[in-house]
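Below: the structure, in structure tokens.
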Amino acid sequence: MKLPVLTAVTGAWEAPLVSGLESAATGVAVVRRCVDLADLLASAASGRAQAVILSADLRRLDRDALAHLATAGLAVVGLHGPGEEQQGSRLRALGVTHVLPADAPPEDIAEAVETAVRDLRDGVQEATKTRHVGMPASAPDPAALADPAASLAPIPYAAADEDDDTHSGADAAGSAPGQVIAVWGPAGAPGRTTVAVTLAAELAALGEPTLLVDADTYAASVAQTLGVLDEAPGLAAACRAASTGSLGADLLARLAPQVTAGLRILTGIGRSSRWPEVGATALEAVWPVARQVARWVVVDCGFCLERDEELSFDTAAPRRNAATLAALEEADVVLAVGAGDPVGLQRLVRGLSELREVVPSAAPRVVVTRVRSSAVGSGPQRRICEALGRYAGVEDPVLVPDDRAACDAALLAGRSLTEHAPSSPARRALAGLAAGMVPATASSVVQPATETPPHATGMTRRRLRGRMTG
Ligand SMILES: Nc1ncnc2c1ncn2[C@@H]1O[C@H](COP(=O)(O)OP(=O)(O)O)[C@@H](O)[C@H]1O
Ligand SMILES: [Mg+2]
């Protein structure tokens with residue numbers, strides 16, 4: 001029996017291809033010639049075909065469209081204009097692995113269709129689509145994730161020029177991909193952003209190129225916290241570029257300006273109503289590029305773990321929590337942040353069990369902020385450790401002291417604790433967490449932050465403000 005295929009081929013190639021496929025003794029049969037992408041997606045959903053042959057220049061073809069086709073179980077073969085290698089590269093960037101010139105013999109195209117269907121059946125295409133270059137296809141070793149400080153082996157990294165504020169991307173050739181740290185925490189403002197911003201600033205101060213990504217689709221606040229007047233959400237722009245296959249390290253570096261030496265930020269969506277611009281399929285393509293741009297990718301996540309498609313029958317509809325879930329699934333290290341008071345701790349215990357259910361691969365390291373005796377009684381460190389051990393099996397949480405004065409002053413100045421209050425107790429606790437993640441060889445050559453770090457003179461930030469507002 002012949003393989004039923006859909007075609008969505010543009011221009012003069014369409015008619016000869018279809019007649020060629022039908023007249024030659026190929027193993028495929030064209031069941032519908034789609035006129036545009038909408039027609040193709042509707043036909044794909046009908047379940048009549050097993051594969052699709054589409055053109056690179058099909059209007060509105062992007063990662064979301066290809067995700068729809070994958071959800072419908074269709075294998076994809078892409079065609080580019082003869083000699084138009086760029087179109088072929090774009091298709092590959094979008095995740096299409098079987099790509100031929102449109103004037104290839106029908107037998108070759110039919111053979112590619114059969115191979116694509118076989119690959120899809122064997123799960124090969126799925127594995128290459130969802131994994132990024134250089135990462136193992138298997139799940140991360142949970143034992144290795146349990147102790148991020150101990151398990152993060154030194155990796156060679158071709159660092160971006162620290163003093164360079166011209167947005168040049170890191171040289172991906174020969175450098176190992178960076179590590180993703182997702183900073184999550186339950187509802188109630190436990191201090192996720194403070195932890196994410198300070199950790200990122202500390203890693204950068206240790207000489208580690210770091211990209212801080214604001215993926216909170218409810219209350220993005222990284223830009224404001226770091227005093228960046230942000231008009232264009234960098235993450236949404238990166239997702240747009242990723243969904244059309246045009247996001248490379250250089251473009252991502254341009255979208256993520258450097259706020260202090262070694263620290264770039266990809267700002268979040270200022271208006272939370274813009275959350276559909278940060279989609280799961282686009283993010284899948286953002287992470288590998290982010291790993292090229294920085295050695296550490298610190299992601300400030302939202303609180304909500306609900307998989308909203310359970311609330312809807314349209315499984316392909318955009319999901320508000322996609323960014324948080326995608327970051328948690330992608331992360332090499334997950335930090336779960338809770339507030340050090342009775343309500344915050346109870347939310348954290350429940351949140352950890354929810355996190356286990358929703359993202360079983362996450363082996364979170366727990367961080368408790370605003371630790372103070374006035375909220376839990378004398379000896380707050382011991383009490384919190386005991387409670388978390390008893391109710392959530394958590395060992396050795398990172399405890400960040402309550403440090404209202406330093407946090408307020410840093411927020412008011414629009415700077416990280418690292419820049420503004422390096423001797424504050426909260427900064428010291430988070431500096432310890434960062435130092436534990438960085439291989440000794442790297443951290444040992446770096447000076448600890450002083451009261452006035454050389455890169456914190458405000459010059460970079462002022463230049464950045466001018467650029468982003470001007
Ligand atoms: N260790 C701390 N001590 C005192 N205040 C803190 C501490 N960590 C965070 N905060 C304050 O708590 C508030 C919420 O923190 P934030 O990081 O924005 O939380 P989230 O991102 O979880 O909503 C902010 O005003 C912040 O300054
Ligand atoms: Mg926040």
Side-chain angles (χ1 to χ4, degrees), residues 181-202 212-228 230 233-235 265-272 275 278 298-305 320-321 323-324 327-328 334-341 343-348 350-352 354-355 364-376 380-381 384 397-434:
I181 304 173
V183 183
W184 171 82
R192 293 179 304 260
T193 301
T194 307
V195 170
V197 167
T198 313
L199 178 63
E202 289 298 327
L212 175 59
V213 180
D214 192 340
D216 186 342
T217 49
Y218 292 85
S221 60
V222 166
Q224 203 184 2
T225 303
L226 285 174
V228 173
D230 177 47
L235 183 59
I265 64 168
L266 200 53
T267 55
I269 41 174
R271 272 206 250 152
S272 61
W275 62 262
V278 185
V298 180
V299 189
D300 185 13
C301 297
F303 67 95
C304 191
L305 297 176
R320 184 161 193 171
N321 304 326
T324 294
L328 288 166
V334 171
L335 298 181
V337 180
D341 58 67
V343 173
L345 290 167
Q346 192 186 44
R347 282 182 179 159
L348 177 61
R350 287 190 188 145
L352 285 169
E354 199 186 341
L355 180 62
R365 178 96 190 261
V366 170
V367 180
V368 181
T369 61
R370 279 184 270 166
V371 173
R372 59 202 187 276
S373 53
S374 57
V376 291
Q381 293 85 355
I384 287 171
V398 177
L399 301 176
V400 182
D402 187 54
D403 199 348
R404 185 82 260 165
C407 287
D408 280 353
L411 266 184
L412 184 62
R415 294 186 179 281
S416 65
L417 287 171
T418 312
E419 292 172 279
H420 198 72
S423 55
S424 64
R427 182 256 161 175
R428 282 177 197 276
L430 291 164
L433 175 65

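We count ligands from 1, going down the list as the structure has it; atoms in each ligand are counted the same way.
At most 12 heavy atoms of other shown residues, nucleotides or ligands fall within 6.0 angstrom of atom CZ in R350.
Ligand 1 lies under 4.0 Å from heavy atoms of A189, P190, G191, R192, T193, T194, R370, V400, P401, D402, D403, R404, C407, L411.
Atom-to-atom distance recorded for L348:CG and D341:CG is 10.5 Å, nearest 0.5 angstrom.
Panel detail: the Mg ion (ligand 2) has protein N, O or S atoms under 2.8 Å away, 1 in number.
Minimum interatomic distance between F303 and W184 (heavy atoms only, all atoms of both residues): O-NE1, 3.0 Å. S424 and D403 get closest at one heavy-atom pair: CB-OD2, 3.2 Å. In plain terms, the two heavy atoms of P364 and L355 that are nearest each other are CG-CD2, 3.8 Å. Across all their heavy atoms, L235 and A215 have their closest contact at CD2-CA, 3.9 Å.
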- prompt: Yes or no on side chain to side chain contact (heavy atoms under 4.5 Å, CB included) for D214 and I265, after CA distance, side-chain angles and deciding distance?
  reply: CA-CA 8 Å; D214 192 340; I265 64 168; over 6 Å; no
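With respect to T193, the side chain to side chain donor-acceptor pair (under 3.5 Å) criterion is satisfied by exactly one of D300, T198, T225, D216: D300.
Remark: side-chain polar atoms of S416 are paired, donor with acceptor, to backbone N or O of E419 under 3.5 angstrom.
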